Engineer: 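The structure follows.
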Amino acid sequence: MTFELTATDKDTNARAGIISTDHGDIHTPIFMPVGTVGSVKGVFHRDLKEEVQAEIILGNTYHLYLRPGTAILEQAGGLHKFSAWDRPILTDSGGFQVFSLAENRKLKAEGCEFRSHIDGSKHFFTPENVMDIQRSIGADIIMAFDECPPGTAEYGYAEKSLKLTQQWLERCVKRFDETEGKYGYTQALFPIVQGCVYRDLRLKAAEHVASLNREGNAIGGLAVGEPTEQMYEMVELVNTVLPTDKPRYLMGVGTPVNILESIARGVDMFDCVMPTRNGRNGMLFTSEGIINIRNQKWANDFSPIDPNGSCYTDHCYSKAYLRHLFISGEMLGPQIASMHNLGFYLWLVREARVKITEGTFGSWKNAMVLKLAQRL
RNA sequence: GGGGGGAUACCAAAGUGGCCAACUGGGGCAGACUGUAAAUCUGCUGUCGUACGACUUCGGAGGUUCGAAUCCUCCUCCCCCCA
């Protein structure tokens, strides 16, 4: 995997670049649709490629390990072949599940014991076996196994947690470097900066991560309950330390506005369940603002879902019809909404890329931020 | 013609003297969702009020009672069985 910086904005820290992987190029800034169990929920690969124009998608180590399991994935020849997705894939390590499935796990220095959310069975994740599992899944970019503490964590806990994450990171790197890809193409390991909302911890974590000199770096533990302004502050701070010649990935973020603000602070890669999950639940992100398509007021609005949208669904279907689908519990509704939202997110980052290249990102971003946060 | 059963809020359906403005579903309305245990979850759903509360309701009209959706009388309508 390589990264080439192709443009830098004059007014902000925004950058444009190209990540090259064995499964193709990724133009940054980029949004990566989340496909936890090997499926971007409700969206066909063909639409993901041709309409949404997704260049890379996510998978999740914890979920894929439980189902279908590494044996099946290895027999299939890795997740790309298994799922018939031939573009790049990034897998999260299961670190987020240490956070989101907190009731079902026990943290230890050695690793993390999980109770499967499916059948209650016990599983033990360590930095080493998480690297091995991600080798079996075969993602182009794999993530270090970390602990993601809640945004409200107190300093003492945050400090302790960071120490654990850093120890785990060393072990991840060691294991990763001792092993190699199983399917004939290369993989890259991204370390993750933790440290909650504490400046000194974040700086320390960023310096540690930078010193490892990996092919890309991630910022984790944000958008997990802390105020948005603190998130921006942390992103800005961490990016003063993370190398400029490596892609920076802000994990799990976020709203369209979060993404624009973070691009302005030097982030290159994003992922979030928001466009798909909120889409399934009737929330549309459009070029004019946010729509709750279930609201009564759209019942007789026969205008297209998003007249400026880049997907065929945006022009093909009306708001009134999409509302009808949601109200009627038709599965086509969530599918259309998911595709629309993903299409919008990808349009947004492509547009950001153009503006960065043209040198007009700053003013464009400010105008967009005002528009996109509006509730229609 | 005879006998029996029923009528409760938008729909269905509990409730059969006070704890009932009325269980529960559905529907409707609104909200939440950030490295996905989520096609999920939450709230509201008689009127007025932010709320404490006030007012009007259980087919209709009377009545009994301190008190009625619940008991009595009459009326209207619906369903079932027999002829």
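Letters go in sequence order (proteins before strands), and every chain restarts at 1. Keep in mind that the numbers below use all heavy atoms, side chains included, and drop hydrogens, waters and symmetry copies. Owing to the predicted nature of the structure, the values given are computational and were not obtained by experimental measurement.
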Engineer: Among U34(B), C33(B), G35(B), find the nucleotide with the atom closest to the side chain of M283(A).
Structural biologist: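 Nucleotide nearest to M283(A)'s side chain: C33(B).
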Engineer: Please give the distance between the P atoms of C29(B) and U47(B) as a whole number of Å.
Structural biologist: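 The same atom, P, in both gives a distance of 16 Å.
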Engineer: Cationic tip of R214(A) within the cone over F190(A)'s six-membered ring, i.e. under 6.0 Å and within 45° of the normal?
Structural biologist: no
Engineer: C1' atom, G5(B) versus G59(B): distance in rounded Å?
Structural biologist: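 These two C1' atoms come out 16 Å apart once rounded.
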Engineer: Searching all strands shown, indicate the nucleotide that pairs with G1(B) (Watson-Crick or G-U wobble; both distances under 3.5 Å).
Structural biologist: C82(B)
Engineer: In whole Å, measure the gap between the P atoms of C11(B) and G46(B) for me.
Structural biologist: 13 Å
Engineer: Can you check the distance between U24(B) and C20(B), where both ends of the measurement are the P atom (answer in whole Å)?
Structural biologist: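 Looking at atom P only, U24(B) and C20(B) are 12 Å apart.
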Engineer: Taking atom types as modelled, is there a side-chain donor on D119(A) or S116(A) under 3.5 Å from an acceptor on the other?
Structural biologist: yes
Engineer: Assign R375(A) to base, sugar-phosphate, or nothing according to its heavy-atom contacts below 4.0 angstrom with the strands shown.
Structural biologist: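 It contacts sugar-phosphate atoms only.
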Engineer: Rounded to whole angstrom units, what separation is found between the CD atom of E226(A) and the P atom of U34(B)?
Structural biologist: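 Value for this atom pair: 12 Å.
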Engineer: For F99(A) and N292(A), take the nucleotide of RNA chain B holding the closest heavy atom to each; which residue's nucleotide lies nearer the 5' end?
Structural biologist: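 Of the two residues, N292(A) wins.
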Engineer: Using a heavy-atom cut-off of 4.0 Å across all strands, would you classify Q194(A) as base, sugar-phosphate, or nothing?
Structural biologist: base
Engineer: Could you tell me whether the side chains of H208(A) and E170(A) share a donor-acceptor contact shorter than 3.5 Å?
Structural biologist: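 Side-chain D/A pair, H208(A) to E170(A): present.
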Engineer: Applying a 4.0 Å non-hydrogen cut-off, can you work out what G221(A) is touching in the nucleic acid: base, sugar-phosphate, or nothing?
Structural biologist: base
Engineer: Whole Å only: how far is the CE atom of M274(A) from the C1' atom of A32(B)?
Structural biologist: 10 Å
Engineer: Nearest-Å distance, CD (Q296(A)) to C1' (G28(B))?
Structural biologist: 9 Å
Engineer: Find the partner of C66(B): check Watson-Crick (N1-N3 plus N6-O4 or O6-N4) and G-U wobble (N1-O2, O6-N3) distances, both under 3.5 Å, and reply none if neither fits.
Structural biologist: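 The base-pairing partner of C66(B), which may sit in any strand shown, is G18(B).
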Engineer: Within the 4.0 Å heavy-atom criterion, would you say R105(A) contacts the bases, only the backbone, or no part of the nucleic acid?
Structural biologist: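 Touches nothing.
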Engineer: Measure CG/L250(A) against C1'/G35(B) and give the value in whole Å, please.
Structural biologist: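 To the nearest whole Å, that distance equals 9 Å.
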Engineer: In terms of side-chain heavy atoms, does Y312(A) have a donor or acceptor partner in D47(A) at a distance below 3.5 Å?
Structural biologist: no
Engineer: Write down the distance separating the C1' atoms in C23(B) and U73(B), rounded off to the nearest Å.
Structural biologist: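 It works out to 31 Å between them.
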Engineer: Under a 3.5 Å cut-off for both contacts, is U42(B) paired Watson-Crick or G-U wobble with anything, and if yes, with which nucleotide?
Structural biologist: A30(B)
Engineer: With both distances kept under 3.5 Å, what pairs with G59(B), Watson-Crick or G-U wobble?
Structural biologist: C75(B)
Engineer: Could you measure between the two P atoms, the one in C33(B) and the one in U56(B), and give it in whole Å?
Structural biologist: 42 Å
Engineer: Could you verify whether a donor N or O on one side chain and an acceptor N or O on the other, from R135(A) and T179(A), lie under 3.5 Å apart?
Structural biologist: yes
Engineer: Say you draw a straight line from NE2 of H27(A) to CG of L346(A); how long is it, rounded to the nearest 0.5 Å?
Structural biologist: 12.5 Å
Engineer: Counting primed atoms plus P, OP1 and OP2 as sugar-phosphate and everything else as base, spell out the protein contacts along nucleotides 36-44 of chain B at 4.0 Å heavy-atom distance: B, S or - for each nucleotide, 5' to 3'.
Structural biologist: BBBBB----
Engineer: For residues 69-84 of chain A, please give each side-chain donor-acceptor pair under 3.5 Å, one per line with the distance, not counting sequence neighbours.
Structural biologist:
from   : atom 1 : to      : atom 2 : distance (Å)
E74(A) : OE2    : S136(A) : OG     : 2.5
E74(A) : OE2    : K182(A) : NZ     : 2.9
H80(A) : ND1    : Y185(A) : OH     : 3.3
H80(A) : NE2    : H23(A)  : ND1    : 3.4
H80(A) : NE2    : R87(A)  : O      : 3.2
H80(A) : NE2    : D140(A) : OD2    : 2.9
S83(A) : OG     : L79(A)  : O      : 2.8

Engineer: Can a side-chain donor-acceptor contact be found between S338(A) and H340(A) if the only test is distance below 3.5 angstrom?
Structural biologist: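 H340(A) vs S338(A): no donor-acceptor pair found between side chains.
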Engineer: With rounding to the closest Å, how many angstrom separate the C1' atoms on C66(B) and C71(B)?
Structural biologist: 16 Å
Engineer: Tell me the interatomic distance from F326(A), atom CZ, to G31(B), atom P, rounded to whole angstroms.
Structural biologist: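 Rounding to the nearest Å, CZ of F326(A) and P of G31(B) are 14 Å apart.
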Engineer: Please give, in whole Å, the distance from C33(B) P to I290(A) CD1?
Structural biologist: 10 Å
Engineer: Calculate the interatomic distance between L284(A) atom CG and A32(B) atom P; express it in whole Å.
Structural biologist: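 Distance check: L284(A) CG to A32(B) P gives 14 Å.
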Engineer: Would you measure the distance from the C1' atom in G6(B) across to the matching atom in G18(B) and give it in whole Å?
Structural biologist: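 One C1' to the other, the span is 26 Å.
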Engineer: What's the OH-C1' distance between Y232(A) and U34(B), to the nearest Å?
Structural biologist: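 The distance from OH of Y232(A) to C1' of U34(B) comes to 11 Å, rounded to the nearest Å.
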Engineer: Could you check which nucleotide pairs with U36(B) in any of the strands shown, counting Watson-Crick or G-U wobble with both distances under 3.5 Å?
Structural biologist: none
Engineer: Classify the side-chain pair S287(A)/N308(A) by whether it contains a donor and acceptor separated by less than 3.5 Å.
Structural biologist: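 Present: a donor and an acceptor within the cut-off.
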Engineer: Using a heavy-atom cut-off of under 4.0 Å over every strand shown, decide if I327(A) touches base, sugar-phosphate, or nothing.
Structural biologist: sugar-phosphate
